[in-house]
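Everything on this sheet refers to the single structure shown next.
Every number for a ligand or one of its atoms is a count from 1 in the order of the listing.
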Amino acid sequence: MTDFEALKAAVIKGKRNDVTAIVQEAINNKENINDILDKGMIPAMREIGDRFSRNEAYVPELLIAARAMQSGLALIEPLLAASGRKSMGKIAIGTVKGDLHDIGKNLVAIMLKGAGYDVIDLGVNCDVEKYEQGMRDGAQIIACSSLLTTTMPYMKEVVEHFRGKGVKVIIGGAPVTQSYADEIGADGYSEDANGAVRLVDSLLKAC
Ligand code: B1M
């Protein structure tokens with residue numbers, strides 16, 4: 001039985017070795033992957049963010065927590081990666097211009113890969129030209145992530161740029177909402193990584 005509180009504490013404190021040890025043990029014990037994420041690692045990032053808001057944590061603490069989270073994700077990714085399955089479609093994903101947050105974007109990419117999609121990871125700080133490269137490389141869907149209220153408006157530029165070009169643009173990230181997606185005319189929004197997979201499934205089925 002995994003000690004999710006210990007995992008959460010290890011991520012918050014940025015204890016990379018502890019995070020990898022707990023996640024590896026959870027994997028060995030065939031713990032549900034979604035539980036590892038939803039009961040341990042994701043609440044940890046929420047908690048460190050709340051502490052940051054209250055001035056009880058600062059950027060260096062956010063960074064070391066993020067690194068610890070990424071080391072746990074690195075162990076989970078291969079388990080979710082589709083093994084030799086026929087690709088169900090191609091998605092290009094990136095965090096929008098001006099924004100360097102990539103944990104949520106990485107999680108969405110991992111889940112999409114796990115569901116059998118080819119994923120082009122465009123990284124962070126993506127301008128329309130970078131997303132355009134994703135389209136040239138065959139992506140049917142462009143997925144944009146944003147974590148800052150100041151970078152979220154760039155999603156509107158991306159949506160407008162791709163209008164009529166035959167690719168769909170979907171959006172997500174902590175400050176993003178369905179009503180914002182409707183307002184800017186995005187083809188879809190999802191609140192979390194699993195929702196992103198369902199969204200992509202339904203958009204590509206409709207093609
Ligand atoms: Co930053 N940061 N940060 N940060 N950071 C937030 C976002 C913040 C809310 C913290 C706070 O104040 N409480 C705040 C934003 C406030 C606002 O905009 N109103 C903030 C700030 C202010 C900043 C800086 C400006 C701080 C500074 O320098 N003064 C700065 C900006 C840098 C920049 O980007 N230009 C900054 C920097 C950083 C670090 C570099 C230190 C680090 C990022 C490291 C990294 O990503 N490699 C960091 C971190 C770690 C956070 C918090 C604590 C955690 C983010 C995270 O990883 N969450 C965050 C607080 C918080 O979110 N509570 C915060 C876990 C992740 C799994 O969730 O990314 O939401 P999330 O992804 C979810 C969903 O949103 C969704 O699925 C994911 C999984 O379920 N999703 C999608 C995400 N993308 C999607 C795309 C889709 C669909 C779903 O496509 C269809």
Ligand 1 contact on [X] by region, counting heavy-atom pairs under 4.0 Å:
{"X": "Val108", "result": "side chain"}
{"X": "Cys144", "result": "backbone"}
{"X": "Val176", "result": "neither"}
{"X": "Ala66", "result": "side chain"}

Grab the two heavy atoms, one from [X] and one from [Y], that are nearest each other, plus how far apart they are.
{"X": "Val19", "Y": "Ala68", "answer": "CG1-O, 3.4 Å"}
{"X": "Gly94", "Y": "Cys126", "answer": "CA-SG, 3.8 Å"}
{"X": "His101", "Y": "Leu148", "answer": "CE1-CD2, 3.7 Å"}

Check each atom of ligand 1 against the heavy atoms of [X] and keep those under 4.0 Å away; list them by number with element.
{"X": "Ala193", "result": "77 (O), 79 (C), 80 (O)"}
{"X": "Ser53", "result": "11 (C), 12 (O), 13 (N)"}
{"X": "Ser190", "result": "88 (C), 89 (C)"}
{"X": "Gly173", "result": "75 (O), 81 (N), 82 (C), 83 (C), 84 (N), 85 (C)"}
{"X": "Ile170", "result": "91 (C)"}
{"X": "Asp102", "result": "45 (C), 46 (O), 47 (N)"}
{"X": "Gly98", "result": "33 (C), 34 (O), 35 (N)"}
{"X": "Asp99", "result": "34 (O)"}

Short N/O distance, under 3.5 Å, between [X] and ligand 1?
{"X": "Leu63", "value": "no"}
{"X": "Asp50", "value": "no"}
{"X": "Ala143", "value": "no"}
{"X": "Ser146", "value": "no"}
{"X": "Met69", "value": "no"}

side-chain hydrogen bond (donor to acceptor under 3.5 Å, both in side chains) contacts in which one or both residues fall within residues 15-31, not counting sequence neighbours: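 Of all non-adjacent pairs touching residues 15-31, those that pass side-chain hydrogen bond (donor to acceptor under 3.5 Å, both in side chains) are Thr2-Glu31, Gln24-Asn28.
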
Kindly indicate whether the side chain of [X], heavy atoms from C-beta on, has any atom under 4.5 Å from the side chain of [Y].
{"X": "Thr95", "Y": "Leu147", "result": "no"}
{"X": "Ile91", "Y": "Lys168", "result": "no"}
{"X": "Asp201", "Y": "Val197", "result": "yes"}
{"X": "Met88", "Y": "Leu204", "result": "no"}

Of the listed options Thr95, Leu107, Leu73, Ile48, closest to atom 67 (C) of ligand 1 (non-hydrogen atoms):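 Selected option, by shortest heavy-atom distance: Leu107.
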
For Glu61, side-chain hydrogen bond (donor to acceptor under 3.5 Å, both in side chains) partners two or more places apart: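 Listed in chain order: nothing, the list is empty.
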
Provide, to 0.1 Å, the distance between [atom] and the closest protein heavy atom, together with that atom's residue and name.
{"atom": "atom 54 (C) of ligand 1", "value": "Met45 CE, 4.0 Å"}
{"atom": "atom 76 (C) of ligand 1", "value": "Glu191 O, 3.3 Å"}
{"atom": "atom 84 (N) of ligand 1", "value": "Ser145 OG, 2.7 Å"}
{"atom": "atom 34 (O) of ligand 1", "value": "Leu100 N, 2.6 Å"}
{"atom": "atom 17 (C) of ligand 1", "value": "Thr149 OG1, 3.6 Å"}
{"atom": "atom 68 (O) of ligand 1", "value": "Gly104 CA, 4.3 Å"}
{"atom": "atom 85 (C) of ligand 1", "value": "Gly172 C, 3.5 Å"}

Check: Gln70/Asp102 side-chain N/O donor and acceptor closer than 3.5 Å: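 Side-chain D/A pair, Gln70 to Asp102: present.
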
Nonpolar side-chain network containing Val158, other nodes, edges under 4.5 Å: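 Listed partners: Val96, Ile120, Leu122, Val128, Tyr131, Met135, Ile142, Met152, Tyr154, Met155, Val159, Phe162, Val167, Val169, Ile171, Val176, Tyr180, Ile184, Tyr189.
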
Total protein N/O/S atoms whose distance from atom 1 (Co) of ligand 1 is less than 2.8 Å: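 Counting protein N, O and S atoms closer than 2.8 Å to atom 1 (Co) of ligand 1 gives 1.
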
Stepwise side-chain contact (heavy atoms from CB on, under 4.5 Å) test for Leu107 and Ile42: CA-CA 10 Å; Leu107 209 45; Ile42 293 177; 3.6 Å; yes

CD/Glu191: more than 12 non-hydrogen atoms of other groups inside 6.0 Å: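 No, CD of Glu191 has 12 or fewer neighbouring heavy atoms, counting only those of other groups under 6.0 Å.
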
Full working for side-chain contact (heavy atoms from CB on, under 4.5 Å) between Gln133 and Arg136: CA-CA 5 Å; Gln133 185 59 51; Arg136 281 198 293 274; 2.9 Å; yes

Side chain to side chain contact (heavy atoms under 4.5 Å, CB included) partner of Val23, chosen from Leu73, Leu75, Val11, Ile33: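 Running side chain to side chain contact (heavy atoms under 4.5 Å, CB included) over Leu73, Leu75, Val11, Ile33 with Val23 returns exactly one hit, Leu75.
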
Partner of Met111 under side chain to side chain contact (heavy atoms under 4.5 Å, CB included), chosen from Val119, Val200, Asn34, Asn106: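 When side chain to side chain contact (heavy atoms under 4.5 Å, CB included) is applied between Met111 and each of Val119, Val200, Asn34, Asn106, only Asn34 qualifies.
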
Step-by-step side-chain contact (heavy atoms from CB on, under 4.5 Å) determination, Lys130 to Lys97: CA-CA 10 Å; Lys130 218 169 190 184; Lys97 186 175 165 186; over 6 Å; no

